[in-house]
Protein chains: 4
Amino acid sequence: MRILSGVFEGQSTGTPIQLMIENTDQRSRDYGDIAQTFRPGHADITYHQKYGLRDYRGGGRSSARETAARVAAGGVARAALEALVPGVEVKGYMTRMGDVTIDRDRFDWAAIDGNDFWIPDAGAVPEWESYLQQIRKAQNSVGAEIEVVARGVPAGLGAPVYGKLDTDLAAAMMSINAVKGVEIGEGMAAAHLKGTDNADEIFMGKDGPEYSSNHAGGVLGGISTGQDVVVRFAVKPTSSILTPRQSIRMDGTATEVVTKGRHDPCVGIRAVPVAEAMMACVILDHLLLHRGQVGGLGPRGQIG
Amino acid sequence: MRILSGVFEGQSTGTPIQLMIENTDQRSRDYGDIAQTFRPGHADITYHQKYGLRDYRGGGRSSARETAARVAAGGVARAALEALVPGVEVKGYMTRMGDVTIDRDRFDWAAIDGNDFWIPDAGAVPEWESYLQQIRKAQNSVGAEIEVVARGVPAGLGAPVYGKLDTDLAAAMMSINAVKGVEIGEGMAAAHLKGTDNADEIFMGKDGPEYSSNHAGGVLGGISTGQDVVVRFAVKPTSSILTPRQSIRMDGTATEVVTKGRHDPCVGIRAVPVAEAMMACVILDHLLLHRGQVGGLGPRGQIG
Amino acid sequence: MRILSGVFEGQSTGTPIQLMIENTDQRSRDYGDIAQTFRPGHADITYHQKYGLRDYRGGGRSSARETAARVAAGGVARAALEALVPGVEVKGYMTRMGDVTIDRDRFDWAAIDGNDFWIPDAGAVPEWESYLQQIRKAQNSVGAEIEVVARGVPAGLGAPVYGKLDTDLAAAMMSINAVKGVEIGEGMAAAHLKGTDNADEIFMGKDGPEYSSNHAGGVLGGISTGQDVVVRFAVKPTSSILTPRQSIRMDGTATEVVTKGRHDPCVGIRAVPVAEAMMACVILDHLLLHRGQVGGLGPRGQIG
Amino acid sequence: MRILSGVFEGQSTGTPIQLMIENTDQRSRDYGDIAQTFRPGHADITYHQKYGLRDYRGGGRSSARETAARVAAGGVARAALEALVPGVEVKGYMTRMGDVTIDRDRFDWAAIDGNDFWIPDAGAVPEWESYLQQIRKAQNSVGAEIEVVARGVPAGLGAPVYGKLDTDLAAAMMSINAVKGVEIGEGMAAAHLKGTDNADEIFMGKDGPEYSSNHAGGVLGGISTGQDVVVRFAVKPTSSILTPRQSIRMDGTATEVVTKGRHDPCVGIRAVPVAEAMMACVILDHLLLHRGQVGGLGPRGQIG
């Protein structure tokens, strides 16, 4: 990665920071097949439909390689965030991969960085490994669910109608390749709940309001509460699989598609750092917007 | 509703259309209690924290009355959409309310407008009515899941990285009051699927590509496929309930909150037209953006 | 004027403030002529060309009545500005009206509010009055030059490439009806100057840097210097005059246009408060942006 | 220059085109002096004030090298513009350099590309050369006025209040380094004119409306008329001169500044292609916006 602009003698200059990651990994080979064929579940066909041409090499702009830029930007955002709000923490982890899921009763924050699946339960790793191995052997792929938490975010970030914090989080997560659903706090399960269960009751703590629960996921009315900001999203299984699927060519003729190449059976694993990056970017944006409008990094209205 | 600008002799002038709906429904009464107390699960506390003051009358800017503006805007968007793309249709319906849910096997598009729940199954209405009555009697509220479909949307709307159609749909839906999760196509269930199941296989139809299924919800790589655009979201149960919940006052003292007033036990019912409005606005935006960039309303790249 | 939103018990709530000024001044009369004819030098023809229809009543959206909204917004911006930066002052005045011009040697800041032309020289008022009377009698109109100064603006507002303070000032002023040119500091006269003359030499004052002159108009490299921000613009003579001009009708036939109605012979007089309003809005925007990025209202980098 | 993205097999892909020009021209040398000193009339001091640090090498982000990016972008915009509107032409030229100015009676469009000053009068070149030589010998610099014309722009580009064509042109030109004033059509001289003189009378021509004159500079009410779009701006003399000027160091102590290095005595010459680039970018933006809103590249409303 090269820093093209915005940094001088180890400090940001206040002007845009541009980072460049060259794709040194693209093999020179025959793309003839992919160039003429649309992979089912892939952006091949929509790019072609929109523009009438597409860069088919390595998936072009629809490649998950694009997320490297997000992770790089997230690194800058996280550094700024930590400088502004000491103790703030952004952490992502997998909560589901196809049929395997985490056990919330065994949730171990410290375990997340210690395994290849970024799961909060060291004991579950063998099961996840064996499940993924089975998917790979079956020449298949599988979806995943990722949760990302921002801890230590001040209350007051966001806005009532335009520029809601949850709006921007939903947009940021849905913009990641392969994401099909985004949840904040209870998420889709909120549809099952009753008002008595969903209410996060409020008590006065030593340093401000405290809550009996966090069904809201740290956002009420588009503004952060000071609790953990909890976002969850699902990525679909990669469409690039070795099992043949029916499709068509650009000339409309039928064909079978088998996608060779280095494709992960579960892109959810790589989505964890991307989730953290997007969370860091959104929180930082809102922190700066809040400071612009209200004049500080924390809440203006005091309680108690 | 008054039209303040942008319409002349029954036609839009090309300049912004401003609609005004006066709130004639707000009763003059004593808000003393609400003014000092934070309702659990409500934006009261975050507004206060952010700004140090809030307009507590009728919920102020966090009131669901705000969605009337969305529905009005959606009416304009829908009219424009139908003028530009004959046959396009945007339809929302409830798919879940707490414990009751629709039976996809009995899905009846024609039934939606014929009942108060906007559900696609006339036969299920009595069950839904009785369930809601029971919630109301229990002085409780309940969440809901709404699905909204845009049918007849041309392929090609959206963009690869910035301005993805699904990003903007997620943002639009998450910006609606009380929404906690947004799904496109398979949504969160994509985490459970295998690549072989998720692939929407492609065949050549009479008028262009056809698909064996629509797990994608009509969006691939941020761009519409021409299939139904399918979006689903969950609204939480309203926090305004007659059952007392623990909370605090502005001075930090503890209190019990009971919210009287005209509060629906399920705001999901009212969310259906809001969902349609947001869908119409997003699709119209993307249609105009597409026309600006590509020069027509339909796809530029032909197949077959 | 009504305040529709954003203010509660005399304070802004942090959410958008909406002001409405109803046009109670529009006489019901026969617009038949204007509806079919394009006035030379007026937006009639371009609105028609762009959209295929236009609201011809009172000039529709191209009417200078639109600037009332700017003045209203400027009032809010000025109140916020004065609360944030005590002592800041925004003042506009005319510097030229056709053949009459101010004498910089007799510049009297205190005189500006004391005459109908907003000129900084009480002694010149009779000459300006007599000149304008002569224009009116000749059934003609005349252009004007307005200068607006923001005094007490902190150094550091703006940005190096995107979001330059001078870019935004130029856009704001050029967006006012009838404006055809915008200058900052020396403005167009900078083309005549040599580098030795243009340099604002820097000296160390008691409270920071001081300058020998202000050719820059308070902006260097897109960022405020802390000197007076000085902007000047020219408005064209109104095209609505009683002297006949050649034009065409919508059907292409030739016609002569004479514009009756209440049209000022010099719209520049009314442009003075508009200029102040736009200056206040731009400075406030940049003050909040600066606070968002840098963390305070003043410069981050100290000198001396 | 490298094309980093957005182009495939000689065609744009519809996705952002990124161009990179590496600065291979920066000499490794001692910047010690410049690093601590503020050059009068230069962004050194405002960058320092805003951010507390600046990249002083070669002027950093305030260097006129930044305009190379504008020229590169303008090349892309011009290619797109010419593909969309056959016959459109964007041409810039100098109209003044300090004391020398062009003679409008000798205006020769064809001469512009044939001399180093981009002036429309081959016969005036010796006078301009000798004037510039004299400035250089005097270790001084001089300002300039540049005019840029877009010919063949369809009527209808722009909008009535937000997104006016002239607003965006003013912003684009004022954003160029060293620009202090921007004019459209008559520009600042509009303040001198009477309504009878300023009116561009309208006649019906073979292919639509024609005008007796172009005081408006091709823009009425924020929307293009179909006439030449005429924009003019002034650049100040470069502040980097060999004649000593008084200034201060970062520690507040007084110093004399003499700027060595490769500095043009008149940056206006280099500003001509930059002007063309900005004009092309703005016109293209508005062409795409117009197509998005109205559905075609030309006017919707017909005349005659």
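When reading the values below, keep in mind they use all heavy atoms of this one structure, side chains included, and skip hydrogens, waters and symmetry mates. Letters A, B, ... mirror the listed sequences (proteins, then strands); counts begin at 1. Since the structure is predicted, the reported quantities are computational estimates derived from the model, not experimental observations.
- For D/Asn177, the side-chain hydrogen bond (donor to acceptor under 3.5 Å, both in side chains) criterion is met by no residue, not counting sequence neighbours.
- Among D/Met174, D/Lys236, D/Met188, D/Glu183, the residue with the largest count of heavy-atom pairs under 4.5 Å with chain C is D/Met188.
- Chosen from C/Val179, C/Asp99, C/Asp166, the residue pairing most often with chain D at heavy-atom distances under 4.5 Å is C/Asp166.
- Only the side chain of C/Thr243 comes within less than 4.5 Å of a heavy atom of chain D; its backbone N, CA, C and O stay farther away.
- Between C/Ser175 and C/Met278 the shortest heavy-atom distance is OG-CE, 4.0 Å.
- Between chain D and the residues C/Ile303, C/Leu169, C/Val257, C/Asp251, the most heavy-atom pairs under 4.5 angstrom are made by C/Ile303.
- Using a 4.5 Å cut-off between heavy atoms, D/Ile176 touches chain C through its backbone atoms (N, CA, C, O) alone.
- Closest of all the heavy-atom pairs between D/Ala275 and D/Met173 is O-CE, 3.7 Å.
- Heavy atoms closer than 4.5 Å to chain C are found nowhere in D/Leu53, neither backbone nor side chain.
- When D/Gly221, D/Gly52, D/Ala144 are compared by the number of non-hydrogen pairs under 4.5 Å with chain C, D/Ala144 comes out ahead.
- Contact count versus chain C (heavy atoms, under 4.5 Å) is highest, among D/Ile135, D/Leu193, D/Leu157, for D/Leu193.
- For a residue to count as touching a neighbouring chain, one of its non-hydrogen atoms must lie under 4.5 Å from one of that chain's; by this rule C/Phe233 touches chain D with the backbone only.
- Closest of all the heavy-atom pairs between D/Thr37 and D/Arg54 is O-NH2, 3.3 Å.
- Contacts with chain D were tallied for C/Ala43, C/Pro299, C/Gly187, C/Pro40; C/Gly187 has the most, counting heavy-atom pairs under 4.5 Å.
- Taking D/His290, D/Gln302, D/Glu201, D/Arg300 one by one and counting their heavy-atom pairs under 4.5 Å with chain C, the maximum is reached by D/Glu201.
- Residues D/Lys194 and C/Tyr131 come closest through the heavy atom pair CE-OH, 3.9 Å.
- Each of D/Val182, D/Ile241, D/Asn198, D/Asp197 has some count of heavy-atom pairs under 4.5 Å with chain C, and the biggest count is that of D/Val182.
- Chosen from C/Ala254, C/Pro265, C/Gly252, the residue pairing most often with chain D at heavy-atom distances under 4.5 Å is C/Gly252.
- What you find for C/Ile223 and C/Gly158 is that their closest heavy atoms are CG1-C, 3.9 Å.
- Looking at C/Arg245, its side chain never comes within 3.5 Å of a backbone N or O of D/Asp200 through a donor-acceptor pair.
- Taking a cutoff of 4.0 Å between a charged side-chain nitrogen and a carboxylate oxygen, C/Lys180 and D/Glu186 do not qualify as a salt bridge.
- Of all non-hydrogen atoms in C/Met250 and C/Ala35, the two that sit nearest each other are SD-O, 3.6 Å.
- The residue among C/Thr167, C/Thr46, C/Ile45 with the most heavy atom pairs within less than 4.5 Å of chain D is C/Thr46.
- With sequence neighbours excluded, the residues that form a salt bridge (charged side-chain N to carboxylate O under 4.0 Å, His left out) with D/Arg70 are D/Glu66.
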Verdict with reasoning, C/Thr95 to C/Glu145, per side chain to side chain donor-acceptor pair (under 3.5 Å): CA-CA 5 Å; C/Thr95 49; C/Glu145 186 184 274; 2.7 Å; yes

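- At a 4.5 Å heavy-atom cutoff, the contact between C/Val235 and chain D is made by backbone atoms alone.
- Ranking C/Ala178, C/Ala216, C/Ala138 against chain D, the residue ahead of the rest is C/Ala216, based on heavy-atom pairs under 4.5 Å.
- Of all the listed residues (D/Thr196, D/Thr255, D/Asp168), the one sharing the greatest number of non-hydrogen pairs under 4.5 Å with chain C is D/Thr196.
- Proximity to chain D is absent for every atom of C/Thr253, based on heavy atoms less than 4.5 angstrom apart.
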